[in-house]
Amino acid sequence: MTTAKRIGAWMVSMHRPSGAIRSGGPREIHIVPAEDADPQEVARGITSTVLRQINTAPPSEDFAAMRSLAEVAEMEIRELGERLAAMAVGVTDERLAALSALYVHFVDAGERAPAQRLALTLDVNPATVKGHLRAARQRGFLTKVEGKAGGQLTEKTIETLRGMKRGAGTEEV
């Protein structure tokens with residue numbers, strides 16, 4: 001599948017083979033001058049500003065944005081976020097599982113700073129979110145990825161989320 005977008009004087013096309021991992025980037029990126037581009041802009045060449053504007057995340061229509069959550073716990077992202085926000089502060093299994101699932105959702109959706117996005121969503125300090133994600137990895141809810149955002153949900157996370165879906169441990173006092 002190939003997508004194209006104009007960025008300034010340039011046409012950027014990205015190719016993803018059919019059946020490729022949906023959260024992965026493109027296999028090829030081509031940048032060529034647009035037909036009606038300003039010759040002076042083309043003469044300056046491709047700048048770092050143009051390169052930074054290239055979004056390599058798959059277009060939203062190419063993948064179900066809630067794929068990971070639907071497969072894992074069949075919860076809507078909004079419901080999961082609301083449950084997480086309503087949970088008591090602390091590092092419980094339920095909180096780590098929900099946080100991990102939201103984090104993976106943001107990563108799969110192409111969010112450039114998923115931990116910061118979680119912090120904004122939950123209205124907490126980004127350092128707190130990063131610490132909880134580290135705890136989630138240490139306690140087996142989220143796999144490790146060296147040097148960049150990401151990871152996969154583990155079977156432990158899936159089971160914990162399924163328990164939350166059935167209502168286990170969610171009774172109000």
Side-chain angles (χ1 to χ4, degrees), residues 1-85 96 98-134 136-137 141-154 157:
M1 179 182 118
T2 301
T3 57
K5 179 180 179 182
R6 183 171 181 154
I7 300 177
W10 306 95
M11 285 303 299
V12 178
S13 61
M14 292 181 274
H15 174 71
R16 287 179 177 77
S18 59
I21 298 173
R22 296 179 188 272
S23 62
R27 291 266 176 88
E28 297 176 22
I29 298 176
H30 298 270
I31 305 172
V32 297
E35 288 182 21
D36 60 344
D38 177 3
Q40 289 181 342
E41 224 177 311
V42 172
R44 283 192 295 259
I46 301 167
T47 63
S48 60
T49 301
V50 170
L51 294 175
R52 281 191 298 271
Q53 291 175 0
I54 298 172
N55 182 0
T56 59
S60 59
E61 64 271 8
D62 288 348
F63 70 104
M66 294 186 293
R67 174 179 52 90
S68 61
L69 294 175
E71 291 172 357
V72 170
E74 299 169 2
M75 284 186 193
E76 292 183 8
I77 189 74
R78 182 177 300 130
E79 179 185 349
L80 187 59
E82 289 169 0
R83 282 184 177 213
L84 182 58
L96 293 178
L99 187 72
S100 297
L102 284 171
Y103 176 76
V104 168
H105 167 76
F106 288 142
V107 170
D108 286 350
E111 187 70 38
R112 291 186 185 265
Q116 281 75 13
R117 171 75 187 275
L118 269 172
L120 286 173
T121 301
L122 300 172
D123 194 28
V124 296
N125 186 315
T128 300
V129 169
K130 289 179 182 178
H132 287 182
L133 288 170
R134 189 171 29 260
R137 292 182 199 284
F141 289 97
L142 188 61
T143 62
K144 295 179 181 176
V145 176
E146 296 299 324
K148 64 178 187 172
Q152 299 292 319
L153 300 180
T154 65
T157 307

* Side-chain (Tyr103) to main-chain (Ala98) donor-acceptor, under 3.5 angstrom -> no
* Structure fact -> On a heavy-atom basis, the closest approach of Val145 and Gly151 is CG2-N, 3.3 Å
* Any chance you could measure Arg27, atom CZ, to Met14, atom CE, to the nearest 0.5 Å? => 15.0 Å
* Ile31 side chain near Ile7 side chain, heavy-atom distance below 4.5 Å -> no
* **Heavy-atom check, side chain of Val104 versus side chain of Thr157, under 4.5 Å** => no
* To do: Run the numbers on Thr128 and Leu122 for side chain to side chain contact (heavy atoms under 4.5 Å, CB included), then give the verdict.
  => CA-CA 11 Å; Thr128 300; Leu122 300 172; over 6 Å; no
* With Ala43 via side-chain contact (heavy atoms from CB on, under 4.5 Å) - residues at least two apart -> none
* **Euclidean distance, Arg137 CZ relative to Thr143 OG1, rounded to 0.5 Å** => 6.5 Å
* Asked: Is the shortest heavy-atom distance from the side chain of Leu102 to the side chain of Thr121 under 4.5 Å?
  -> no
* To do: Report the residues that fulfil salt bridge (charged side-chain N to carboxylate O under 4.0 Å, His left out) with Asp36, sequence neighbours left out, ordered by chain and then residue number.
  => Arg6
* Between Arg134 and Lys144, is any pair of side-chain heavy atoms under 4.5 Å apart? -> no
* **Partner residues of Arg117 under the salt bridge (charged side-chain N to carboxylate O under 4.0 Å, His left out) criterion, sequence neighbours left out** => Glu111
* To do: Please list, chain by chain and in numerical order, all residues satisfying side-chain contact (heavy atoms from CB on, under 4.5 Å) with Val42, sequence neighbours excluded.
  => Ala9, Trp10, Pro33, Ala37
* Can you name the residues that form a side-chain contact (heavy atoms from CB on, under 4.5 Å) with Thr2, not counting sequence neighbours? -> Ser13, His15
* Check: Leu142 main-chain N/O paired with Ser100 side-chain donor or acceptor under 3.5 Å -> no
* Gap separating the CZ atom of Arg112 from the OG1 atom of Thr56, nearest 0.5 angstrom -> 6.5 Å
* To do: Quick one: pull up CG in Leu153 and NE2 in His105 and give me the separation to the nearest 0.5 Å.
  => 12.0 Å
* Structure fact -> Residues at least two apart in sequence or cross-chain that pass side-chain contact (heavy atoms from CB on, under 4.5 Å) with Glu35, listed by chain then number, are none
* To do: List the atom of Leu133, the atom of Ala115, and the distance in Å for their closest heavy-atom pair.
  => CD1-CB, 4.1 Å
* Reported CG-to-CG distance for the pair Leu84 and Leu99, which is rounded to 0.5 angstrom -> 6.0 Å
